[in-house]
2 protein chains.
Amino acid sequence: MTVSKTADVAKPSRAARKEPAEVAVEAAALQLGELSELLGYSLKRAQLRVFEDFLRCVAPLQLTPAQFSVLLLLDRNPGRNQTEIANTLGILRPNFVAMLDGLESRDLCTRIRSTNDRRSHILMLTDKGRAVLARAKKLVANKHEARLNELLGPANRAALLEMLATIAREF
Amino acid sequence: MTVSKTADVAKPSRAARKEPAEVAVEAAALQLGELSELLGYSLKRAQLRVFEDFLRCVAPLQLTPAQFSVLLLLDRNPGRNQTEIANTLGILRPNFVAMLDGLESRDLCTRIRSTNDRRSHILMLTDKGRAVLARAKKLVANKHEARLNELLGPANRAALLEMLATIAREF
DNA sequence: CGATATTCGGTATAGTGCATAACAATTATC
DNA sequence: GATAATTGTTATGCACTATACCGAATATCG
């Protein structure tokens with residue numbers, strides 16, 4: 001469809017009349033050109049794919065990558081408040097409120113008013129939160145990361161991770 | 001960070017308000033734990049950094065990564081319509097309209113009603129568009145990608161690009 | 001041919017992510 | 001004790017994304 005007059009490859013002209021059995025010509029693939037050399041382009045495309053697959057793999061638990069990262073951080077860092085967790089994840093405090101509301105309403109974590117500083121809320125995983133996190137970890141490891149390992153191989157996957165961390169840290 | 005893309009708005013000064021706060025005690029760093037092994041996490045963080053740097057490097061031309069990719073595609077694929085360009089970049093047609101409006105209002109490209117199919121708009125770079133693209137390419141190559149080469153080394157950068165492309169293609 | 005379906009660009013709209021300003025309560029500073 | 005800073009929060013705006021729908025033009029097919 002959309003046969004361009006300047007197109008390089010055209011169907012051999014069956015010109016006079018339209019033949020019904022002629023399947024529509026698939027448009028020629030566009031040339032990406034320098035785009036395929038642009039790191040940001042591949043980076044974003046890959047990121048979208050990976051997040052997409054993450055969501056699929058962990059769909060039974062209804063966790064987004066961001067929510068999963070929060071649960072992981074809470075498990076690893078008990079006794080921290082909202083600001084500390086949000087800062088570590090690069091989430092702005094105002095935007096972290098609604099996110100925590102969601103997790104707390106699902107009984108995955110709780111806010112506890114600190115006795116030291118009654119302004120701050122100490123965040124804790126609930127038992128259910130720990131259970132969900134454990135299940136999520138397994139899904140991620142066995143379905144998500146395993147698939148990446150299969151695609152790239154363990155060595156390449158490790159190298160990729162290292163380079164991405166370097167960029168995130170030092171770029 | 002937070003480089004506004006929409007208009008001539010200058011970047012909000014970072015230290016405008018909060019200069020004197022030279023904090024003495026920084027809170028102990030949180031443990032990332034399994035987060036550092038999660039590819040999607042590093043992937044997104046790296047992508048944000050790379051886009052941020054892209055915006056900085058190409059700031060004189062006021063081009064976002066998405067706009068740059070459109071100009072690149074138009075240059076490489078003359079005679080294509082909006083749907084083809086948008087599809088190639090993973091942009092939905094409705095969202096591509098405003099984007100083209102912006103580029104066209106800056107006289108970087110034009111929509112030309114196709115004579116073959118009067119529904120479709122053939123997209124073309126203007127002379128100014130080609131000039132801006134040429135300048136943008138230099139900025140990206142000399143400032144942006146050069147910095148990545150410096151950080152990773154040419155071989156690693158190529159390997160990274162290849163793996164990201166593989167993920168974007170086959171994952 | 002003519003009726004129907006499809007495609008194209010476009011509008012409207014809703015959801016989400018991200019950023020800033022401002023506020024009450026609390027704590028730190030001097 | 002007066003002032004400044006911090007914490008969680010609300011409100012708000014902007015950009016990006018996704019879907020439904022529309023008129024015009026074209027394709028399909030009886």
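Quick caveat: nothing in here was measured; it's all calculated off a predicted structure. Here is the naming used below: chain letters follow the sequence lines, and residue numbers restart at 1 for every chain.
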Go through [options] for me and flag the one nearest to the [X] side chain.
| X | options | value |
| --- | --- | --- |
| A:His121 | D:dT9, D:dT17, D:dT7 | D:dT9 |
| A:Val97 | C:dC8, C:dA12, D:dT10 | D:dT10 |
| B:Arg111 | D:dT9, C:dG9, D:dT19 | C:dG9 |

Nearest whole angstrom, please: distance from the [atom2] of [N] to the [atom1] of [X].
| X | N | atom1 | atom2 | result |
| --- | --- | --- | --- | --- |
| A:Ile85 | D:dT6 | CD1 | P | 19 Å |
| A:Asn81 | C:dT26 | CG | P | 16 Å |
| A:Glu52 | D:dA18 | CD | C1' | 13 Å |
| A:Leu92 | D:dT7 | CG | C1' | 15 Å |
| A:Ile91 | C:dT16 | CD1 | C1' | 14 Å |
| B:Phe96 | C:dT11 | CZ | P | 14 Å |
| A:Asn116 | D:dG8 | CG | P | 13 Å |
| B:Met99 | D:dT17 | CE | C1' | 13 Å |

- Residues sharing A:Leu151's hydrophobic cluster, by side-chain heavy-atom contacts under 4.5 Å among ILVMFWY, directly or via others?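 Hydrophobic cluster check, A:Leu151: joined to A:Leu39, A:Leu43, A:Val50, A:Leu148, A:Leu152, A:Leu160, A:Leu161, A:Met163, A:Leu164, A:Ile167, A:Phe171, B:Leu39, B:Leu43, B:Val50, B:Leu148, B:Leu151, B:Leu152, B:Leu160, B:Leu161, B:Met163, B:Leu164, B:Ile167, B:Phe171.
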
- Connected to A:Val97, directly or through other members, by ILVMFWY side-chain contacts below 4.5 Å are none

- Taking for each residue the nucleotide of DNA chain C bearing the nearest heavy atom, is the 5' side occupied by A:Arg118 or by B:Leu100?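 Between the two, 5'-proximity favours B:Leu100.
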
- Task: Could you name each residue pair satisfying ring-ring contact (aromatic ring centres under 6.0 Å, His included) that touches residues 58-106 of chain B, not counting sequence neighbours?
- Result: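 Qualifying pairs: B:Phe54-B:Phe68.
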
- Side-chain N,O (A:Lys44) to OP1/OP2 (D:dT17) below 4.0 Å: yes

- Message: Check the phosphate of D:dG8 against A:Thr83, side-chain N and O only, distance under 4.0 Å to OP1 or OP2. Yes or no?
- Response: yes

Pairs under 3.5 Å (N/O, protein and nucleotides 3-6 of chain C):
none

- Message: Taking any heavy-atom pair under 4.0 Å as a contact, classify A:Asp117: base, sugar-phosphate, or nothing.
- Response: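 Sugar-phosphate only.
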
- Side chain of B:Lys137, backbone of B:Leu72: donor and acceptor closer than 3.5 Å? no

- Of A:Arg93 and A:Leu48, whose closest DNA chain D nucleotide lies nearer the 5' terminus?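 Result of the comparison: A:Arg93.
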
- Item | Pairing residues for B:Glu150 by the salt bridge (Lys or Arg N to Asp or Glu O under 4.0 Å) criterion, not counting sequence neighbours | none

- Find out if a path of hydrophobic residues (ILVMFWY) with successive side-chain heavy-atom gaps under 4.5 Å connects B:Val140 to B:Leu61.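 The answer is yes; both residues are in one hydrophobic cluster.
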
- Task: List in chain and number order the residues that pass side chain to side chain donor-acceptor pair (under 3.5 Å) with A:Asn116, two or more places apart in sequence or in another chain; answer none if no residue qualifies.
- Result: none

